[in-house]
Amino acid sequence: MVNDPIADLLTRIRNASMVQHSQVVMPSSKIKVEIAKILTEEGFIRGYTVTNDQPQPNLILGLKYSGRNKPVITNLARVSRPGRRVYMGYKEIPWVRSGLGINILSTPKGVLTGRKARRAKVGGEVLCNVW
């Protein structure tokens with residue numbers, strides 16, 4: 001039983017990209033699929049699929065590499081943890097690496113990037129930073 005499924009997702013992506021796997025498989029959940037959707041839209045991963053396995057569906061992420069097999073994702077950092085939740089209003093959302101990275105927030109309007117949350121003028125829980 002994993003206490004923090006988002007940290008588990010980030011760790012699996014980090015470990016798989018360090019050894020240059022083409023994909024990574026993990027148990028699926030709604031929040032993980034939303035994070036995978038954002039990572040795909042922002043160009044950090046190739047794509048994702050959700051299998052219909054029983055009893056637990058799996059989430060398969062296709063990892064992306066730039067020239068000379070360097071991972072596109074250089075780092076993933078968990079911000080809000082089960083022991084210390086981090087909430088921010090839309091005016092307080094920080095820029096990640098001067099706009100080169102993204103932060104992923106859980107807001108009342110769904111899971112959004114920091115940029116989209118600022119535009120929608122909605123704050124929320126900062127889940128992680130990706131660059």
Side-chain angles (χ1 to χ4, degrees):
M1 177 72 192
V2 177
N3 285 337
D4 189 0
I6 297 169
D8 180 58
L9 162 90
L10 300 177
T11 301
R12 285 177 192 242
I13 293 173
R14 194 180 303 117
N15 290 344
S17 64
M18 278 196 295
V19 292
Q20 291 164 357
H21 283 268
S22 62
Q23 63 184 17
V24 60
V25 180
M26 68 199 71
S28 180
S29 70
K30 288 179 186 176
I31 189 97
K32 287 181 185 179
V33 170
E34 290 297 316
I35 292 171
K37 190 184 298 179
I38 288 176
L39 291 175
T40 305
E41 287 169 2
E42 296 291 323
F44 286 105
I45 61 174
R46 276 200 329 259
Y48 68 96
T49 54
V50 180
T51 64
N52 288 329
D53 297 347
Q54 289 299 328
Q56 171 84 37
N58 281 330
L59 175 66
I60 303 169
L61 303 177
L63 299 178
K64 201 171 175 182
Y65 297 93
S66 59
R68 296 211 176 133
N69 286 337
K70 290 191 63 98
V72 173
I73 297 175
T74 14
N75 206 342
L76 302 133
R78 181 81 160 111
V79 178
S80 186
R81 306 184 318 263
R84 183 175 188 274
R85 300 288 185 190
V86 178
Y87 298 95
M88 291 186 182
Y90 75 94
K91 292 179 182 174
E92 304 162 355
I93 299 170
W95 292 96
V96 179
R97 296 281 167 136
S98 302
L100 294 176
I102 61 167
N103 27 29
I104 299 176
L105 285 86
S106 176
T107 69
K109 293 188 176 180
V111 179
L112 301 173
T113 64
R115 191 178 303 115
K116 288 181 181 173
R118 265 187 235 100
R119 278 201 199 112
K121 295 193 174 180
V122 62
E125 182 181 355
V126 183
L127 300 176
C128 61
N129 295 333
V130 182
W131 68 91

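Note that the numbering runs from 1 along the sequence shown for the chain. Source: prediction; values computed, not measured. Excluded from the calculations below are hydrogen atoms, water molecules and symmetry mates; all remaining heavy atoms, backbone and side chain alike, are included.
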The single option from R78, K32, R85 that satisfies salt bridge (charged side-chain N to carboxylate O under 4.0 Å, His left out) with D4 is R78
- Query: Counting only N and O atoms by type, is there a donor-acceptor contact under 3.5 Å from the side chain of T74 to the main-chain atoms of W131?
  - Reply: yes
key: Flag, side chain of N103 to backbone of P94, donor-acceptor distance under 3.5 Å   = yes
Residues V79 and V126: closest non-hydrogen pair is CB-O, 3.6 Å
Here the gap from I60 atom CD1 to T49 atom OG1, rounded to the nearest 0.5 Å, amounts to 4.0 Å
Q) Backbone N or O of G123 within a donor-acceptor pair of the T107 side chain at under 3.5 Å? A) no
For Y65 and S17, the nearest pair of non-hydrogen atoms, with its separation, is OH-CA, 3.5 Å
Exercise for the section: Please confirm whether R115 makes a cation-pi placement over W95, using NZ or CZ under 6.0 Å from the six-membered ring centre and within 45° of the ring normal. Expected result: no
In this structure, OG of S29 is separated from CG of D8 (nearest 0.5 Å) by 10.0 Å
Exam field: side chain R118 to backbone Y90, donor-acceptor pair closer than 3.5 Å: no
- Look at the side-chain heavy atoms of Ile, Leu, Val, Met, Phe, Trp and Tyr, link any pair under 4.5 Å apart, and say whether V122 and I93 land in one connected group. no
Using modelled atom types only, decide if a donor and an acceptor are shared between the side chain of Q56 and the backbone of S28 within a distance under 3.5 Å.
yes
### Query
Is there a donor-acceptor contact under 3.5 Å linking the side chains of S80 and E125?
yes
| request: Test salt bridge (charged side-chain N to carboxylate O under 4.0 Å, His left out) on E41 and K116 and set out the steps. | output: CA-CA 12 Å; E41 287 169 2; K116 288 181 181 173; 3.3 Å; yes
Between I104 and the options N129, V111, L76, I31, the side chain to side chain contact (heavy atoms under 4.5 Å, CB included) test singles out V111
